[in-house]
Amino acid sequence: MEYNFREIEQKWQQQWKDSNAYKVSNESPKPKYYVLDMFPYPSGAGLHVGHPLGYIASDIYSRYKRLKGFNVLHPMGFDSFGLPAEQYALETGQHPAVTTEKNIETFKAQLDKIGFCYDWSREVRTSDASYYKWTQKIFLDLFNSYFCNTQQKARPIADLIEKYKTQGNKNFTAVQWNAYSKAEQEEILMKRRLAFSSFGEVNWCEALGTVLANDEVVNGVSERGGHPVVKKKMRQWYLRITAYADRLLQGLETVQFSEPMKEMQRNWIGRSEGAEMQFGVGSGQLAVGKEQLAINVYTTRPDTIFGVDFLVVAPEHPIVNSLVTAEQKTAIEEYLTYVKSRSDRERMSEVKQITGCFTGAYATNPFNGKPIPVWIAEYVLAGYGTGAIMAVPCGDQRDFAFAKHFSIPITNIIGEYYNGEEANPTKEATLQNSDFLNGMLMKDAIAVAINKIEELGIGKRKVNYRMRDAGFSRQRYWGEPFPIVWQDETAIALAETDLPLELPYAEKYGPGPEGEGPLANMTDWVQAPLSTSGEGQGVRETSTMPGYAGSSWYFLRYMDPTNTETFCDRKASDYWNQVDVYVGGTEHAVGHLLYSRMWTKVLYDLGYIGFEEPFKKLVNQGMITGRSYFFEIELSDNVKPNEASQKIVSYKKENGATNFLRFRYGHQFVDANNRITRDLLNKAIEKYDLVIAIDTIEWLNEGNEEFLVLKEESEKMSKSKFNVDNPDEVVEKYGADTFRMYEMFLGPVEQSKPWDTKGIEGVHRFLKKLWRLFFTDINPATNAGGEPKWVDSKPTDAEYKILHKTIKKIEQDTENFSYNTAVAAFMISVNELADAKCYKKEILSAVLILLTPYAPHIAEELWHALGNEGSVLDAIYPTLEEKYLVEATKEYPVSINGKMRSAINLPTEATEEEAKQAVLSNEVILKWLEGKEMKKFIFVKGRMINVVI
RNA sequence: GCCCCGGUGGUGAAAUUGGUAGACACGCAGGACUUAAAAUCCUGUUUACAGCAAUGUAAGUAACGGUUCAACUCCGUUCCGGGGCACCA
């Protein structure tokens, strides 16, 4: 027998499939363990070598936990709603359902070839009606719930209605509420629902007649076609994620995410503590009738109140109209026109540009009565805080720049901390010119100032969040339809019995009228009865849910994937509980991870599940980048790529002036020295039918060969960059086991690294070497050999030592996701066993169990070859016996003043005194000591000995 | 600009968390087997100097400085690379 990986892998994959080896039950006496991968979007390009990195890591962990005696849930599914399929449909007319189905089949086939232990009977697809029925149902739960501020949790909206009916609230009495029309009541309720509808801005592209997602807009124009994009107000759905800001923040303390990951989420939530306070407008320089006006500002630094030199209000702020004086009216109008003309993009990219306009109005500093000019400026955002700030130029960079630009006098309240040339945002300065705060450290003065503000009744303590409510509508076809029917301006939820509201079959995918989605074109579908019984008429919501809708709860569906009564039975979710380990990329740090955390909290509040954080531990796998090789030539008249060549050519602009053409090469064109010969280039030109003038290229010479040295860059793998490697090819050439171990051997899982097959031979060699522990070599000439080598005799202590050292290392490394060093440990062990000519069945069997998570196919094959019972997948993980790890004597390195000088052999349980004696009788050391006095003797048991002279 | 993370041979990397830096692997060089190739095995491989050699000496983890008997590891400053946020008051 020889190591025929193709045959072996195919055989066992079939065998595992036939025997349902990976089927997981919800009932088991074993403890549960839930290992989850971020499910993929099934793109048409199929799997590339970067995808499986995380999947292999989680597969190893699942198999390891299974061997350790856990009932392991390790499912896989597909996030199959999404834009690319729709884009493809627009271009080719192929229905997304068709292409999605096809892509999923490709993905599954590719995944199976790598030998993952998924329980495919639990597969979920977000685009299946049987799945999105429950996405719609949870949406209705969100719609029918509100966030109770007293209890800090979601509650049924019915509770709120009941309260309004009987008690009213601070804005209206119960009597008033009951007198409101249905529409009026709904309008009020909409302001509290967790899924709510409101007018919001979208990216509207007139030329394409459609709404674009943020990443479809590049530099203020549409990614496709380059048409201008403007903001347009439209009715949109939102999730009130801001209500959960605080709980999302606190929940981070209870989960094991990496610190940077937590930090990203904290930044996104952007909690800040401060105070909201009012500045009365009008100090004698005002027109009559404006005295009662007040500007509400938000500040985190109330301690700087005496350094306020002006107020700034966002241009969009509704108060602006009432503020502006007659003299400033024209100027302000001009400024507002200018602001409106600026795209978001311009506003963001030209941050350093200072613009603003004086309103003519003055506010009064409530503490010292000082008149303060009120300006409007685009650097103040309408959407954050109160949309108005108090400007303290000596302490804030932006305020400082603004004051300088418009020559507003600056008050210094921090003495020498302020140098007049730039603002100093310190909190450590002692306050001056600050009345009752004088002499206080700023950080202490914050609380004092807030107390005073509250005491005077001009403001209050306030916590603000940077996070906004999440937009939940997409004007697209390929997504979950909203189970909502509009009757005039009132949204009416479908009954649960009407779910799923199936996505109607589309012939065309173009945008609907007025920026609506494609569904708006299906007039028959849009006209809807309000219920199955056919009562009342309404108009269906025509936008669909965003990509993150289905992915916000899919981890729950895996627990109970076929349930038709509920999205996940409480018994199932109580059993599987949190995802113990969640493996995925960092790119979802603030999107998917925040949304799914919020959904989980809502479902917890409503009593559907018993835990409020979905993921106990998160492991972020790095990205495997592709290597792009390229050369660039300056664009000239001789160089004109034809249409076909554009596929491997991209334009690179430098300094906006010179254009370069960048020719990319897949590594198939490149030799080991990153060179491309004239011959190879000609082949590429032929293959891609390039029309370029290669005469303009300057060739290098070596011998009689002409070549170019290509530049090399690592970038994200993408079809358009010609740097994609397909795992199928690697698996075909070396086998799945080699591929799995090699991807792990490449480096730490968390690290991003370029794909490189240079070292794969080494891993493949290791597996062949392992094979030769079991069978004798085959002589290719005579075909003799391949005989079993193993013997069934009792291993020696030395052999046990090798085994138990391996158990310890592999167990440790696997627990810590340190797979690269685990693979190295396997290599060492196999070398040691080969050197020791250890072919004992007991040892070999144990090694195979350890190896199973990493290389399941070869492990299973050899396991059976040895004549072991059952599948190695369910073998009992070998127990570590410390006694084999203890050594009687050990070589202790001896150093003098930290420099290594010699080594001595000592019993491992030697005392310090014994060690000292041994050192002092060592000739080499004595020579180094040269009779000098020994000041200190350091004996680190099990490590080393240091002598200080 | 702010916040993270990182920088170790020709290459991917390891280092029991302060204790013999470079495990393991690739590549390279030399050798064995072979008519030859493939496969396999063995030896060497941080740098400099000395030696026929075994070996020895010195330097060495981006740079400089500090703490320590001992620093890749801790502290400070600087440089470089990667990621995130970006007028959030």
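Hydrogens, waters and symmetry mates play no part in the numbers below; they use all other heavy atoms, side chains included. Chain naming here is simple, since letters A, B, ... match the order of the sequence lines and numbering starts at 1 in each.
Atoms NZ (A:Lys753) and C1' (B:G7) sit 17 Å apart, rounded to a whole Å. As rounded to whole Å, 12 Å separates atom P of B:G56 from atom CZ of A:Arg901. Distance A:Asn820 CG to B:G12 C1': 10 Å, rounded to the nearest Å. As a whole-Å value, the separation of A:Asn620 CG from B:G83 P is 15 Å. Straight-line distance from the NE2 atom of A:His588 to the C1' atom of B:G83: 16 Å, rounded to whole Å. B:A25 atom C1' lies 6 Å from atom CE of A:Met827, rounded to whole Å.
With both ends at atom C1', the span from B:G6 to B:U43 equals 36 Å, rounded to whole Å. One P atom belongs to B:C5, the other to B:C74, and the distance between them is 11 Å to the nearest Å. Here, B:A71 and B:C80 have their C1' atoms 22 Å apart, quoted to the whole Å. Comparing the P positions of B:G82 and B:U8 gives an interatomic distance of 14 Å, to the nearest angstrom. Taking atom P in both B:U40 and B:U46, one finds a spacing of 24 Å when rounded to whole Å. Nucleotides B:G18 and B:U67, compared at atom C1', are 12 Å apart to the nearest Å. A gap of 25 Å separates the C1' atoms of B:A25 and B:C33, to the nearest Å. The C1' atoms of B:C69 and B:A62 are separated by 27 Å, rounded to the nearest whole Å.
Within the 4.0 angstrom heavy-atom criterion, only backbone atoms of the sugar-phosphate kind lie near A:Asn897; the bases stay farther away. Base contact: A:Met944 has a heavy atom under 4.0 Å from a base atom. Backbone-only engagement by A:Lys769 is indicated by non-hydrogen atom pairs under 4.0 Å involving sugar-phosphate atoms exclusively. Within 4.0 Å of A:Gln812, counting heavy atoms only, lies no atom of the nucleic acid at all. Within the nucleic acid shown, A:Asp399 has no heavy atom closer than 4.0 Å to any nucleic acid atom. Counting any heavy atom pair closer than 4.0 Å across all strands shown, A:Asn831 reaches sugar-phosphate atoms only and no base atom.
Under 4.0 Å is where a charged nitrogen must lie from a carboxylate oxygen, and between A:Arg271 and A:Glu273 at least one such pair does. Residues A:Lys404 and A:Glu422 are not paired through a salt bridge, judged by the lack of any N-O separation under 4.0 Å between the basic side chain and the carboxylate. Under the 4.0 Å criterion applied to side-chain N and carboxylate O atoms, A:Glu253 and A:Arg266 are assigned as salt-bridge partners.
A:Phe406 and A:Trp375 have tilted rings, their planes meeting at an angle from 30° to 60° on a 0 to 90° scale. Ring geometry for A:Tyr379 versus A:Phe402: interplanar angle of 30 to 60°, hence tilted. The aromatic rings of A:Tyr884 and A:His804 lie parallel to each other, with less than 30° between the two planes, well short of the 60° mark. The aromatic rings of A:Tyr734 and A:His764 sit perpendicular to each other, their planes meeting at more than 60°, with 30° as the lower class boundary.
Within the 4.0 Å cut-off from OP1 or OP2 of B:G84, not a single side-chain nitrogen or oxygen of A:Gln265 is found.
Relative to the side chain of A:Met900, the nucleotides B:U20, B:A13, B:C87 differ in distance, and B:U20 lies closest.
Look at B:G56: its Watson-Crick or wobble partner, with both distances under 3.5 angstrom, is B:C49. When both distances must be under 3.5 Å, the Watson-Crick or G-U wobble mate of B:U67 does not exist. B:A62 and B:U78 make up a base pair, with Watson-Crick or G-U wobble contacts both under 3.5 Å. The partner of B:U16 is absent, by the rule that a Watson-Crick or G-U pair needs both atom distances under 3.5 Å. Here B:G44 sits opposite B:C28 as a Watson-Crick or G-U wobble pair (both hydrogen-bonding atom distances under 3.5 Å).
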